[in-house]
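For reference, the structure discussed in these notes is given below.
Both counts, for ligands and for their atoms, begin at 1 and track the order of listing.
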Amino acid sequence: MISESAFSMRVLIDPGHGGHDNGAQSQGLREADVTLKIAKRLFKLLDKDKNIQYSTTRTYDKNLELQDRSDKAHQEEADLFISIHANASLNPRARGTEIYIQNILPSDQYSFFLANRENNGEASQRGTRPSLLDKSKYKADVVGIVDDINRNHFIEKSYDLAKVFEKRWKKDMKVRRVRMRQAPFFVVSSVNMPSILLEVGYLTNPKEAKHLNTSWYQQKVAKTIYQALRDYQAKEF
Ligand SMILES: [Zn+2]
């Protein structure tokens with residue numbers, strides 16, 4: 001039980017994809033819809049909890065650039081960033097939940113990654129983390145070093161957050177294993193706060209797709225995310 005005096009925690013919930021960005025599509029399902037449905041159920045649970053404040057990147061089927069999502073996290077001064085996704089694989093037997101946190105990349109590689117994203121038109125020049133962009137020009141300057149320290153700090157915190165989710169997932173979703181991975185996903189790598197990207201299941205797996213399309217399972221996933229947030233709050237706030 002969290003006491004009334006507990007510090008409130010601000011979470012930004014990011015239902016992945018939306019609008020013309022469908023995300024994965026399989027078994028008649030569209031990732032953008034599944035992520036929003038789960039998120040809406042999560043909002044209802046969070047509405048009843050005054051110790052956790054939340055905001056969201058979207059409440060309807062709208063298109064958002066990845067940069068808009070991370071900009072929003074900074075505008076809202078969120079303590080945590082949770083991006084909800086559903087997975088896809090060429091192997092229809094691929095299944096299960098995966099939790100991603102940002103990669104620990106040497107700064108050069110990180111710059112390359114940013115550059116790549118910009119070339120793909122996914123990250124614009126405006127907005128966040130100008131010091132990282134500058135760093136490719138002014139390597140090893142003080143800003144760069146401070147940035148590296150901060151980034152390592154957030155990676156550590158993200159790892160703690162992912163561990164809390166893993167534990168709660170195993171318990172409430174009754175699964176033996178949750179895969180934890182690191183990947184340079186833009187949304188989790190570009191925010192200055194603990195952040196995870198949650199792949200709640202595979203739309204390409206017929207059994208998981210069937211589950212993900214039912215309200216009871218969406219509710220179960222939403223509730224597990226909510227409980228994990230409470231666990232993290234009890235631990236860290
Ligand atoms: Zn996705």
Side-chain angles (χ1 to χ4, degrees), residues 11-43 54-73 78 80-103 113-114 116-118 120-124 158 161-162 165-166 169 173 175 178-191 193-214 217-218 220-222 224-225 228:
V11 189
L12 180 65
I13 308 294
D14 175 42
H17 311 278
H20 63 70
D21 173 12
N22 298 313
Q25 281 179 291
S26 183
Q27 316 286 317
L29 294 178
R30 186 172 164 262
E31 184 184 353
D33 297 329
V34 173
T35 61
L36 187 61
K37 280 179 182 166
I38 292 167
K40 282 187 169 175
R41 289 175 179 275
L42 175 60
F43 302 156
Y54 75 93
S55 50
T56 180
T57 51
R58 68 185 180 98
T59 52
Y60 62 97
D61 192 21
K62 79 165 174 182
N63 194 68
L64 274 170
E65 296 294 323
L66 295 175
Q67 183 72 55
D68 295 332
R69 297 175 198 262
S70 63
D71 284 354
K72 174 97 177 168
L80 301 178
F81 182 86
I82 312 286
S83 193
I84 303 170
H85 289 255
N87 228 331
S89 169
L90 289 173
N91 175 5
R93 281 182 302 181
R95 64 187 175 95
T97 302
E98 286 163 19
I99 303 172
Y100 287 88
I101 64 168
Q102 68 186 94
N103 241 347
F113 154 63
L114 274 180
N116 254 331
R117 289 296 191 174
E118 284 181 44
N120 293 337
E122 287 183 288
S124 62
S158 299
L161 178 64
F165 268 75
E166 181 200 26
W169 218 269
M173 300 297 287
V175 289
V178 173
R179 285 180 293 270
M180 304 231 299
R181 288 179 173 165
Q182 285 184 288
F185 281 128
F186 184 83
V187 280
V188 284
S189 301
S190 62
V191 292
M193 64 200 65
S195 56
I196 55 169
L197 188 147
L198 206 52
E199 296 277 5
V200 297
Y202 280 81
L203 293 184
T204 44
N205 180 302
K207 199 177 160 199
E208 288 198 348
K210 204 173 155 191
H211 280 164
L212 285 164
N213 198 27
T214 63
Y217 195 81
Q218 289 162 8
K220 195 173 161 187
V221 170
T224 306
I225 297 173

query = When rounded to the nearest 0.5 angstrom, what is the spacing between NE2 in H17 and CG in L36?
reply = 12.5 Å

ask   = Do the side chain of Q182 and the main chain of Q102 share a donor and acceptor less than 3.5 angstrom apart?
value = yes

note = Protein-derived N, O or S atoms lying less than 2.8 Å from the Zn ion (ligand 1), waters not counted, sum to 3

key: Presence of salt bridge, D61 and R30, under 4.0 angstrom   = yes

message = Y100: which residues meet the ring-ring contact (aromatic ring centres under 6.0 Å, His included) condition with it, sequence neighbours left out?
response = F185

ask   = Does R95 CZ have over 12 foreign heavy atoms under 6.0 Å away?
value = no

Member of N87, T97, N91 meeting the side-chain hydrogen bond (donor to acceptor under 3.5 Å, both in side chains) criterion with Y202 = N87

